[in-house]
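These notes concern the structure reproduced below.
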Amino acid sequence: MSGLRRAWSIENLRRAWGWVRSNPDRAYKSYFRELYSAYATADEALLRHLANRLRRGIYTPTDACKVFLPKPSGILRPISLLSVEDQIVYQALANIVAERLFPHVSRRYNKQVFGHLYAGISSPWFYRKWSDGYRAFNKAAEEAFAHGYVWTASFDLTAFYDSIDHRVLRHFLEKIGCDTELAKKLTEYLSVWTATSTRIYHNHGIPQGPLSSGLIAETVLAYFDHNHRAETGVQYFRYVDDIRLFARDDKHLRGMLVALDRMSKDVGLFPQSSKIDIHRVTDIQDELKSVSTPVESVLAEPEVDQKALYRRLAELSPRYEVTSATRFKYLLGRAVPVRRLTERLWRIYEKQPHLYEVISRYLARYARIPNKVGLRLVQEVERQALYPAVRAAFIGVSTGKLSGGALKSARRKFKPLWTPRVSQADLSDALAAWLHHERKFTERQAEYSVVSTKPGWLRARVQYAVPWAKMSAGQRRSWLNANLRAESADVAISAARLVGVMGIAVDRSVRDVHPLARLVLKEFGALRRAKAGICGIRLAIEEMTGHDIAVDWRSFFGRNYKHAEAQIVECKGHFKTSPNSWVNGTDVFIDWMLDALFRRDPSLGTYTMGNVGGCLSHGRLKARYPAVFKFLNEIHSKRYESNLSHARIRRTQQPTKRIRFKWLAKGAVLLRRASDELATKFPVK
């Protein structure tokens, strides 16, 4: 069985969905909790529908929603918010890669490699526990130091996730036994998921955030593990893309760094030279970042001594600069909000704004934010124009917790920030929740936030921020019925869940309700039957022409539908990559189309499959179906000019050439007009 067939099996998709839900990364899951719950209401039916589309080749990945978080250096870390279906599909592919990769790397687990360790097909989690790996990493370093490996250096790769070349990735996937079809499909999807809001598609990078990316990255990082050939005087340890070397002397250490630098150039990656610090270790404990449950005496008692905790936090932030971020965050997570500590945190934030996440979680522990703290929070939201993610976090923790002057100030200052067309999605999400809670939207703005915002992730999230109980029954029905018909599956599925929970009637003519929303509505009993079939021909033509043309292709092609669908879906792939192949493939689709058309319209006479050229002068076809006639003539004539069809053009005897990409614009217009013509004869009922 091919890798793709295994990936698209219902058993593997169920496993992928389970691992997506069990992702231990709470920060990433927090973007999707309500969306996961909506999908789970009918997950078996939805997964079967997904498997069907994947096997038929009509699944299309959606562009990721990007949010950018500040890093300690001041630059941005991109986080890719994939649709729920895309997360499942990505994980399903990663599952197959994991099984292929495991035999090649498992012998190094917790000896040389300590991060993103595959847990196995029977585990409820995709990776082994990260803290166990980090403890093993620290222990290995301590033992190396104890045995005289007292020189050290780190070898980090610059923007590693963003830099992985897709051709390099395919090379390593095929080297571990993944078939070419799976490797190409994965990188095809990655090109969509790594694009930014400019929709400039790359041939490099994997999305940061999704559970699957760590394992996919391991296929490239394993190259360093296999080829470093550490000398006797050097020990090699890797945690994700952070390679730590320990050596008996600096000469051996430099030799290993040069070897790693050469290897990085082999695979198109670049080391962060500024982070390579060769030095002698004097205290191994100071050298290591004890990320895994650092021991702190102030937490030894069952009841935390908050005064002692404050003193320890002050020790870790002399002159309001945090010296050990891991320990500081760990301790702050146990702190009860008090005025003195809050004031200190604001001073720390001024110097190190990248700590906003842990500070916002601390502020969220206030049952009601004191007025002075609230005024400062509003002030920081107003000031922070550089990092939308910081604004989003502070607005989020203030929702429903401000009062007095702070609330009045927020009402004046937060509303002007609502610019969803240009704002980062997480900021718009936080603002929508705040403004809906405070009823600061006009009715028109509220409706826009629910039924018109983009991207799909934002619109799906906003639905859960709306105070539906305070809305009129008409508004609830109108807005949610509009979202049942949204293009985004996440939006439609979430709307269907809300419709089911609130018992809202589904407007008549459910034909335009999103197919996946119908499955959820059926689960709630809101629909008796859920015909959720998706027409691959209609989707393919829409993608190529930019127009959704409602032809009943299933009825039109009849028993040959699956053959015609497979053909046009293949043409869709060629549309972006090979004009020659597109013209030749479309000529075959026209063959199926003419066979169906002649059977549906006996007045045309009879048609013999394979005789497209025989219709180039068919008078009745030209008279009754002029757009179809022009489509077949132009495509078939262009095929004669393709160097994939003939050596010479029969009419001119000139050598054939490659068809240029710019001609595809004309081909798409011909396809659209022919489809429009058939829509008048064979409309969707």
Side-chain angles (χ1 to χ4, degrees), residues 28-42 46 60-67 79-87 192-193 195-197 199 209 388-389 392 395-396 399 415 417-437 440-468 471 475-502 504 506-507 512-521 548:
Y28 193 74
K29 282 173 69 173
S30 68
Y31 292 110
F32 295 98
R33 293 195 187 280
E34 298 92 346
L35 278 60
Y36 289 162
S37 296
Y39 197 90
T41 56
L46 291 168
T60 302
T62 55
D63 293 318
C65 172
K66 297 281 188 177
V67 297
I79 300 297
S80 300
L81 307 179
L82 305 189
S83 72
V84 175
E85 278 201 329
D86 281 348
Q87 289 179 53
V192 176
W193 295 331
T196 63
S197 58
R199 299 296 173 260
I395 291 169
T399 303
K415 181 70 177 288
L417 300 177
W418 172 251
T419 54
R421 287 190 179 91
V422 296
S423 292
Q424 189 166 290
D426 56 344
L427 174 57
S428 295
D429 175 46
L431 277 168
W434 199 95
L435 294 168
H436 273 297
H437 182 274
K440 292 298 291 179
F441 276 134
T442 65
E443 182 177 334
R444 187 173 179 180
Q445 288 171 330
E447 182 178 8
Y448 178 86
S449 75
V450 176
V451 303
S452 299
T453 48
K454 293 179 180 179
W457 173 82
L458 172 61
R459 187 169 163 189
R461 290 265 297 190
V462 169
Q463 292 181 105
Y464 292 100
V466 176
W468 293 109
M471 299 284 178
Q475 284 177 322
R476 289 196 296 269
R477 178 170 178 170
S478 172
W479 295 359
L480 287 173
N481 267 278
N483 279 356
L484 289 176
R485 294 154 174 83
E487 182 180 354
S488 164
D490 284 349
V491 173
I493 289 171
S494 295
R497 180 195 181 199
L498 290 167
V499 164
V501 168
M502 291 189 282
I504 294 171
V506 180
D507 288 347
D512 56 350
V513 170
H514 194 290
L516 302 187
R518 293 180 211 164
L519 296 175
V520 178
L521 292 170
D548 181 17

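The structure presented is a predicted model; accordingly, all values stated were derived computationally and were not measured.
Once rounded to the nearest 0.5 Å, the distance linking CG of L458 with OG1 of T453 reads 4.5 Å. Residue L521 holds its CG atom at 10.5 Å from CD1 of I493, rounded to the nearest 0.5 Å. With rounding to the nearest 0.5 Å, the separation of CZ in R497 from OG1 in T41 is 7.0 Å.
Residues passing the salt bridge (charged side-chain N to carboxylate O under 4.0 Å, His left out) test with R477 are D507, sequence neighbours excluded. In this view, D86 satisfies the salt bridge (charged side-chain N to carboxylate O under 4.0 Å, His left out) rule with no residue, not counting sequence neighbours.
Within a 6.0 Å sphere centred on NZ of K454, heavy atoms belonging to other residues, nucleotides or ligands number 12 at most. Few gaps surround NZ on K29; more than 12 heavy atoms of other groups in view lie less than 6.0 Å from it.
Residue Q463 comes nearest to S494 through the heavy atom pair NE2-CB, 3.4 Å, listed as atom of the first residue, atom of the second, then distance.
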Evaluate the side-chain contact (heavy atoms from CB on, under 4.5 Å) criterion for residues H436 and V462: first the C-alpha distance (whole Å), next the side-chain angles of each, then the deciding distance (0.1 Å), finally the verdict. CA-CA 9 Å; H436 273 297; V462 169; 4.1 Å; yes
If you apply the rule side-chain contact (heavy atoms from CB on, under 4.5 Å), what do you find for D490 with R459, and how did you get there? CA-CA 9 Å; D490 284 349; R459 187 169 163 189; over 6 Å; no
Between V84 and Y36, is a side-chain contact (heavy atoms from CB on, under 4.5 Å) present by the stated rule, with each step listed? CA-CA 7 Å; V84 175; Y36 289 162; 4.1 Å; yes
Could you check T62 against V192 for side-chain contact (heavy atoms from CB on, under 4.5 Å), going step by step and ending with a plain yes or no? CA-CA 7 Å; T62 55; V192 176; over 6 Å; no
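Counting heavy atoms from C-beta on, the side chains of H514 and V491 never come closer than 4.5 Å. Here the side chains of V450 and Q475 are not in contact, with every heavy-atom distance at 4.5 Å or above.
Taking the six-membered ring where tryptophan is involved, the planes of Y31 and Y28 are perpendicular, since the angle between them exceeds 60° and thus also 30°.
Remark: side-chain polar atoms of K440 are not paired, donor with acceptor, to backbone N or O of K415 under 3.5 angstrom.
No side-chain donor-acceptor contact under 3.5 Å links Q87 and Y39.
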